[in-house]
Number of protein chains: 2
Amino acid sequence: MEKTSDDERDPDLVAVTEGTEAATELTRPSGLDRDRILQAAIGFIDEHGLAALTMRRLGAALGVEAMALYRYVPGREDLLDGVVDTVVESLFDDDDVHLEHAIGWQDHLMRLAHGVRRIALAHPAVFPLVASRPPAAPWVRPPLRSLRMVESFLRTLCDSGFSDQAAVAAYRAYSSFLLGHLLLEVTQIGAQVSLLDQPEGDAEAQRATDLTDYPALMRTEPLLSQDKSAAEFEDALENLLDRLERVLHEAKNSDDGSVLDL
Amino acid sequence: MEKTSDDERDPDLVAVTEGTEAATELTRPSGLDRDRILQAAIGFIDEHGLAALTMRRLGAALGVEAMALYRYVPGREDLLDGVVDTVVESLFDDDDVHLEHAIGWQDHLMRLAHGVRRIALAHPAVFPLVASRPPAAPWVRPPLRSLRMVESFLRTLCDSGFSDQAAVAAYRAYSSFLLGHLLLEVTQIGAQVSLLDQPEGDAEAQRATDLTDYPALMRTEPLLSQDKSAAEFEDALENLLDRLERVLHEAKNSDDGSVLDL
DNA sequence: ACCTGAACACCGTTCAAGT
DNA sequence: ACCTGAACACCGTTCAAGT
């Protein structure tokens, strides 16, 4: 038992931090700028988790004292905002997305969904930040956090015959779907490693928190432990697109009580 | 400009903290226990936000030094886990939920959904914690965080004719739906107040982050600012229940490519 | 039995001083 | 121009000491 007051897993952490510093050594000659700091922060979070990210440790990872960062970043909160922006904007560099080549609004929404999912899976430790940082405007709904993304979403739907109301309703349904699915998917990824992190002897002991009082859980535990995220994502996405299509084609009879087309 | 290094809004915070201490004065005579601490933590988060919750400040709110808390709570992380558990379990005290009185699985799922939504709206600042804390087992999907809740969910569906696989798939779809909708709903609540928090003169200036480059956004901004959360929640819930019902009744023809009933 | 003071190892952030 | 040392106000946490 060490008497450090850090979060759970110190010794390991210190070791890896030093490793990171050594790795950055080559590009080091004072080349410090905002973008390099943001990239380093993303890498650090991916490797050690959000809780481990500290101005001092990030500085160390860049071969510099923490105070040097303040020349390029106003503070820790802004740094996190920058991390989120960088990760989200990276969607536009994804060649497999290229929204402007989309054929029809369904294709557009599918490309966008898959692009955001790739981002989430590439940075599972960053994604919760994408989900929880207060957005730029109250009507910006994570994970579609950039005005550019929302604009292109709404424009596509409106150009395809959706009314403004229907497009906005679709935007809300779509963002809820993405956030729910992807946040749970990355949470599950994180849960795996945190199980292995636990120092309590063999992994057998942890496996199943004694389910004797929960017969249905015990019976379905093997099923619950199977990962079907990809297929479920496709399924839910398809279902949402069907729902939106129904709205679009039923646009003539106005008052049928659904929010989606009011 | 003060030179405190706290988060955004100190002077105000200190004031309210002192107020809280005074208010607790009556029940004070040393009555400190785990439950009272958890309740105080929930109240503190509701009032000042998660970022403001500190062992020292929570102690102060209870009229005690921070170190006294460690007799009842192993540490800050456990305290947050306790907060989440307490809030989630409070569902079973909600008389409007009473799952055992539910008539049919649809009614069960609707009662559960509305109960969780009431919790989220009652503690909007706590809910992100419900969403993001690593769950007890990898297959526990927020916001349905207690084994009891998952057990009763699965049992209800299985008793209603769902296969184990279909019940598990339904559990996944249902949790994704709840998490996405409710997290976005409480985020929006938080976004309102953080706008008012900003000290930049009149609220007119903030309103709309200059949308000149985003015509679709500018045109639909009034629509985007309307809050239709409740109706959208009902709509999406109804849609999900329909989808599950389809799965249940199409259970005979097995391989139709959907995950929901494989 | 229950709380506190003092201490320790960390934080974020500022700023004068170094190069 | 760019980075650092030293300092400040905070953290979480431990533990011997008080009552």
Side-chain angles (χ1 to χ4, degrees), chain A residues 1-14 17-18 21 24-25 27-37 40-41 44-45 48-83, chain B residues 1-14 17-18 21 24-25 27-37 40-41 44-45 48-83:
Chain A
M1 295 255 190
E2 299 290 56
K3 45 181 157 181
T4 56
S5 69
D6 208 4
D7 30 290
E8 298 81 57
R9 56 229 178 299
D10 311 3
D12 165 34
L13 215 185
V14 175
T17 300
E18 283 162 359
E21 181 184 352
T24 344
E25 204 96 13
T27 50
R28 175 119 71 92
S30 86
L32 204 56
D33 61 30
R34 184 178 158 89
D35 209 72
R36 213 158 88 74
I37 292 175
F44 194 99
I45 296 172
H48 311 296
L50 180 58
L53 181 69
T54 263
M55 296 301 278
R56 293 171 130 108
R57 293 212 270 245
L58 181 58
L62 284 161
V64 105
E65 298 298 320
M67 308 83 192
L69 303 176
Y70 286 88
R71 200 155 285 272
Y72 307 94
V73 167
R76 186 176 191 263
E77 293 299 298
D78 305 79
L79 194 163
L80 294 182
D81 284 338
V83 163
Chain B
M1 295 257 190
E2 300 289 57
K3 45 181 153 180
T4 56
S5 69
D6 207 6
D7 29 290
E8 298 79 58
R9 54 231 180 298
D10 310 5
D12 166 33
L13 215 185
V14 174
T17 300
E18 284 162 358
E21 180 184 353
T24 343
E25 205 99 14
T27 50
R28 174 115 74 90
S30 84
L32 206 54
D33 61 29
R34 184 177 158 88
D35 210 72
R36 215 160 86 75
I37 292 174
F44 194 98
I45 295 172
H48 311 296
L50 180 57
L53 181 69
T54 263
M55 296 301 278
R56 294 171 129 107
R57 292 210 271 244
L58 180 57
L62 283 160
V64 104
E65 298 299 317
M67 309 82 191
L69 303 177
Y70 287 87
R71 201 155 284 273
Y72 308 94
V73 168
R76 186 177 192 262
E77 293 299 298
D78 305 78
L79 193 162
L80 294 181
D81 284 338
V83 162

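Chain naming here is simple, since letters A, B, ... match the order of the sequence lines and numbering starts at 1 in each. Since this is a predicted model, take the numbers as computed values, not measurements.
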Specify the separation, in whole Å, of atom [atom1] of [X] and atom [atom2] of [N].
X       : N      : atom1 : atom2 : result
B:Tyr70 : C:dG5  : OH    : P     : 16 Å
B:Arg76 : D:dT13 : CZ    : P     : 8 Å
B:Leu53 : D:dC11 : CG    : C1'   : 12 Å
B:Arg57 : C:dC11 : CZ    : C1'   : 14 Å
B:Leu69 : C:dC2  : CG    : P     : 14 Å
B:Arg36 : C:dC2  : CZ    : P     : 14 Å
B:Glu65 : D:dC11 : CD    : P     : 13 Å
A:Glu77 : C:dC11 : CD    : C1'   : 13 Å

Heavy-atom nearest nucleotide on DNA chain C taken for A:Arg56 and for A:Arg71; more 5' hit belongs to A:Arg56
Nucleotide pairing, DNA chain C (Watson-Crick or G-U, distances under 3.5 Å), in dot-bracket with [ ] and |: ||.|||||...|||||.||
Heavy-atom side-chain contact between A:Arg36 and A:Tyr72 under 4.5 Å: no
Evaluate the side-chain proximity of B:Leu32 to B:Arg71: yes if any heavy-atom separation is below 4.5 Å, no if none is. no
Roughly how far, to the nearest 0.5 Å, is the [atom2] atom of [Y] from the [atom1] atom of [X]?
X       : Y       : atom1 : atom2 : value
A:Arg56 : A:Met67 : CZ    : CE    : 5.0 Å
B:Arg76 : B:Asp81 : CZ    : CG    : 11.5 Å
A:Leu80 : A:Ile45 : CG    : CD1   : 6.0 Å
A:Ile37 : A:Phe44 : CD1   : CZ    : 14.0 Å

Under 4.0 angstrom between B:Thr54 side-chain N/O and D:dC10 OP1 or OP2: no
Within the pair B:Tyr72 and C:dC3, is there a side-chain N or O less than 4.0 Å away from OP1 or OP2? yes
Residue B:Leu32, side-chain heavy atoms: nucleotide from C:dC3, D:dT4, C:dC11 that is nearest: C:dC3
Apply side chain to side chain contact (heavy atoms under 4.5 Å, CB included) to the pair B:Leu62 and B:Leu69, showing each step before the final yes or no. CA-CA 10 Å; B:Leu62 283 160; B:Leu69 303 177; 4.0 Å; yes
Would you classify B:Met67 as touching base, sugar-phosphate or nothing, given that sugar-phosphate means primed atoms plus P, OP1 and OP2, and contacts are heavy atoms under 4.0 Å? base
